[in-house]
Amino acid sequence: MNRYLLPLLAVIVMIPIMVLGLGSDPSNLPSQYIGKPAPDFNLPMLTDPSRTVSTADLKGQVSLVNIWATWCVGCRAEHGFLMDLANSDIIPIYAINWRDNRPDALKFLSQLGNPYTASGFDGDGRVGIDWGVYGAPETFLINSEGMVVYRFTGPLNRMLWEQEFIPRIAELTN
Amino acid sequence: MKRLLSMLMLVFFATSVIAIDSGQAFDDPDLQARYEKLIAEVRCVTCQNQNIKDSSAFIAADLRREIRRMMGEGLSNDQIADFLVTRYGDFALYRPRYTGKTLILWITPFLLVFFGGIVIARIVRHRMTLSIDEVSDEGGPAQ
Amino acid sequence: MIPEIGHFALILALSLAVCQGVLPLVGAHRDNAALMSVARSTSFGQFFFVAVSFGCLIWAFVNDDFSVLYVAKNSQLLLPTPYKVSAVWSAHEGSLLMWILILAIWTAAVAKFSSGIPLKLIARVIGVLGLLSVGFLLFALLTSNPFERLIPAAIDGADLNPLLQDPGLAIHPPILYIGYVGFSVAFAFAIAAMISGDLDQNWARWTRPWTVVAWLFLTIGIALGSWWAYYELGWGGWWFWDPVENASFMPWLIGTALIHSLAVTERRGLFKSWTLLLAITAFSLSLLGTFLVRSGIIVSVHAFATDPTRGFFILTFLAIVVIGALVLYAWRAPALDSTVGFSPLSRETFLLLNNVLLVIATTLVLLGTLAPLIVEMLNGGKISIGAPWFQIAFLVPMIPLVLLLGLGMHTAWRKQNPGPWMRLLRLPAIAAVIIGVVLPLMFYGRVSLMLIIGCGAAAWIVISSLIQPVRSWCRKEGATGITRSALGMCIAHLGMGVFVIGVTITSAFGIESDRAMRIGETLEVAGLQFEFRELREVQGPNYTAIEGVLEVRDGGEFIGTVRPQKRQYLVQKNWMTEAGIHPTWNKDLFVALGDQIGDGVWSVRIQYKPLIRFIWIGAFIMAMGGLVTVTDRRYRKTVK
């Protein structure tokens, strides 16, 4: 009797897994650096190549690192919100300009505004790979010790900011 | 909405043109063969289920370039795998690692065949004891 | 107007399906012949209305009715007419309607060709099929209506995905679905048997031909998909172990086990609960495949773009169908155990091994497909399981199976005397091992353990499959000799052997070469010279293309010209690679054009694929073997 129930039991076990699977987003890749130090980088500054942006700059305060590029549609979409965020002066926004063209990037910032405290120029994408970037835009939340707390993939807006970032920032500053 | 936008973003990267590695081939044919085998086993992290050998996404090209660099520096396949896993997790490898939580995946085929064998042995041993001469209705054909 | 007729026809079909589903089952329960005979007429009626509905959708596409949302999303004015028709099943809503149509066709066929089957059984079978139709029709009408209007109408459509604008891919879904959906018939027979509690050798004899036909269509459908991926996707591969590919392969593996299990039940009344469970599983895997592809739960280039609400509906339907069937199974199967036996060396034992090994193979494919999801749900992070794992895991049960195949075919039922058996097979076995060593060495210059196993197994199967037909022919037995059933089995197994040799040789000796080529340059691959002659622009009906012209030579001798293209379709603007292939009976030369790297310099992929056509030819031969078995005289017997 019992062995004839096995197939039924196996199916009953599988169903909740499928249901849970329906709720999740299969294309979302969690960052490998959550809870770990942000990967080291040392890049020439986009606006002034003689200066550099590096991991050292991230230490000492809670900050954001935004991965962006001019060819990225989502980056354009979130730019307005990033400007608002920068103007409200809550948190410094560093950036890695990923796999982009320097003149295009400079033009982008001069036309639409520059929300970034400093933007590093990662022309060949090496730093992007080091950070585990898989699609722009991405925004990392870094704590004052330079450790990665959270990564958000996709264009940011006010609603997502309040939902995902504000609670985490509050936790860090307490 | 967020999902739709990220999907749009991903569609941007994934195209249906194959990628052909336009980088320099290694002079050493063994190294080149090892490289080609390895890149077939690394997942393109932005694509819809493709390896970096066939994908035309630029991340795939970047990853191929990094792997070529590491192989040129003499790193082993395991070390290159570590590099990728540190950055993208086990997701980046199409060949699950032989240790840790994916070890069970490699053992399972042999386990199943082993238990299958036990099941078969039990059934055959039971049927051996029963009569093989019976009246079969609907007389069988030559087959 | 026509789309509204199509929509209305579906609603009528649904009401008929409800009658078809409920009344005959009630009638069978109450022994009411009038209610039971409703089964046949309602199934013909449902088929009629579903066909009308499908016809309306085709009409909408062929007449460029962009006021229908589905047409606007998947067609375009300049699309060649054959592709306007195939665009009907290119996306979720239309392919679902096609599923419903094919289910209606199978049901009507069962209603038509079942004169020898008792009314009570056939009423239950058609009733169950009716209930399945109800589920799918509800799904379509409630969540996936292909006739939804777009107001205001679009001026031109968004175009059919260029990847799908291809004859191979146009017929691949219908043929695949005929297979998938066809397993619903075996499923319905199984449910009918469980409801009545009767499962005998007659039941197996009636169920078997329906199952074999479904199986052979599925075989051809999968082979078509693989062949298409090879020549269209540009990378020269033929199987990627993609979740959607696996979703079609699992029902095939279980379906193969099912037809063999049915053989045992038909012949000796054994393996009844195995056969029931396999029938339930084959169709459940078909449904699971439908779920996986449309739910958004897996990442695949094949997946339909759809949303979780639809996924939820299918999952609920799947759960109801499978759990219902398995509850019936747990209730009825224990009583079905027969008391006859067989000796250890017997065909029954080999078929038992066959069942178990195929079930293990299916379990492994399912595990590999779902494990990433399961691991993620258990918070183990995201992992990937790809070809490297599948290839090894799949071979573990399959190598023994392939070797046992040659033995099982010649083993008698109930009890086989070892003496004559070994005498018969000793020479073929030795010949197979010799061929296993000689073939790769002589023709391709290299040998290894895996090559000996692969080539040896293929030779073993081929020789073993030929023993009976050749003997029968030599004895000039004519009509009294080998039965169609036996002949079909030999042909199908032969096809398997051809398949195995194709896979072994192409995997071991295929050469792939990615290089930068300048126009005018010659590259040598696999001992042949490929000269990049020129690059030109080509105009297609709805695309423009850059075409490379390469000439292939062997020494000085001209072999052929290949013309790889990069096409840009006018509407969707993405670039497509069309490989240039020079096929011969024993190899393919495969060239694909990559990107322009510099002035007159292009990246080119040149591949040498020995015996690759054998893979699809082998599959086709397998399907033909199945077809021959179905024409056997005994399936036209009427019930006594």
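First the proteins, then the strands, lettered A, B, ... as listed; each starts at 1.
Heavy-atom contacts from other residues, nucleotides or ligands closer than 6.0 Å to OH of Y98(B) number more than 12. For M398(C), the CE atom sits in a packed shell: over 12 heavy atoms of surrounding residues, nucleotides or ligands are nearer than 6.0 Å.
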Problem - Step-by-step side-chain contact (heavy atoms from CB on, under 4.5 Å) determination, M489(C) to Q468(C) - result: CA-CA 10 Å; M489(C) 173 193 80; Q468(C) 270 180 292; 3.8 Å; yes
Exercise for the section: Evaluate the salt bridge (charged side-chain N to carboxylate O under 4.0 Å, His left out) criterion for residues R97(B) and D82(B): first the C-alpha distance (whole Å), next the side-chain angles of each, then the deciding distance (0.1 Å), finally the verdict. Expected result: CA-CA 10 Å; R97(B) 310 256 255 173; D82(B) 281 334; 3.1 Å; yes
Exercise for the section: Test side-chain contact (heavy atoms from CB on, under 4.5 Å) on I360(C) and V396(C) and set out the steps. Expected result: CA-CA 9 Å; I360(C) 291 177; V396(C) 171; over 6 Å; no
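Interface check for chain C: of the options N51(B), V85(B), L93(B), the most heavy-atom pairs under 4.5 Å are formed by L93(B). Counting heavy-atom pairs closer than 4.5 Å to chain B, the top-ranked of the candidates E512(C), E348(C), K415(C), R567(C) is E512(C). Ranked by heavy-atom pairs shorter than 4.5 Å toward chain C, the options A92(B), A40(B), P109(B) are led by P109(B). With chain C as partner, the option from L105(B), V124(B), I123(B) having the largest number of non-hydrogen pairs under 4.5 angstrom is L105(B). Between chain C and the options T108(B), V119(B), L130(B), heavy-atom pairs under 4.5 Å are most frequent for L130(B).
At a 4.5 Å heavy-atom cutoff, the contact between I383(C) and chain B is made by backbone and side-chain atoms alike. The contact between A393(C) and chain B is made by backbone and side chain atoms together, counting heavy-atom distances below 4.5 Å. For L395(C), no part lies under 4.5 angstrom from a heavy atom of chain B. At a 4.5 Å heavy-atom cutoff, the contact between I120(B) and chain C is made by backbone and side-chain atoms alike. Interface remark: T129(B) contributes no atoms to any contact with chain C (heavy atom separation under 4.5 Å). Of the two parts of R95(B), the backbone and the side chain both hold a non-hydrogen atom closer than 4.5 Å to a non-hydrogen atom of chain C. No part of F394(C) comes within reach of chain B, as not one of its non-hydrogen atoms sits under 4.5 angstrom from that chain.
When atom types are taken as modelled, the side chain of T349(C) and the backbone of P344(C) share a donor-acceptor pair closer than 3.5 angstrom.
D200(C) approaches W203(C) most closely through the heavy-atom pair OD1-N, 2.8 Å.
Between Y94(B) and F240(C), the ring planes lie perpendicular to each other; the angle is over 60°, past the 30° to 60° tilted range.
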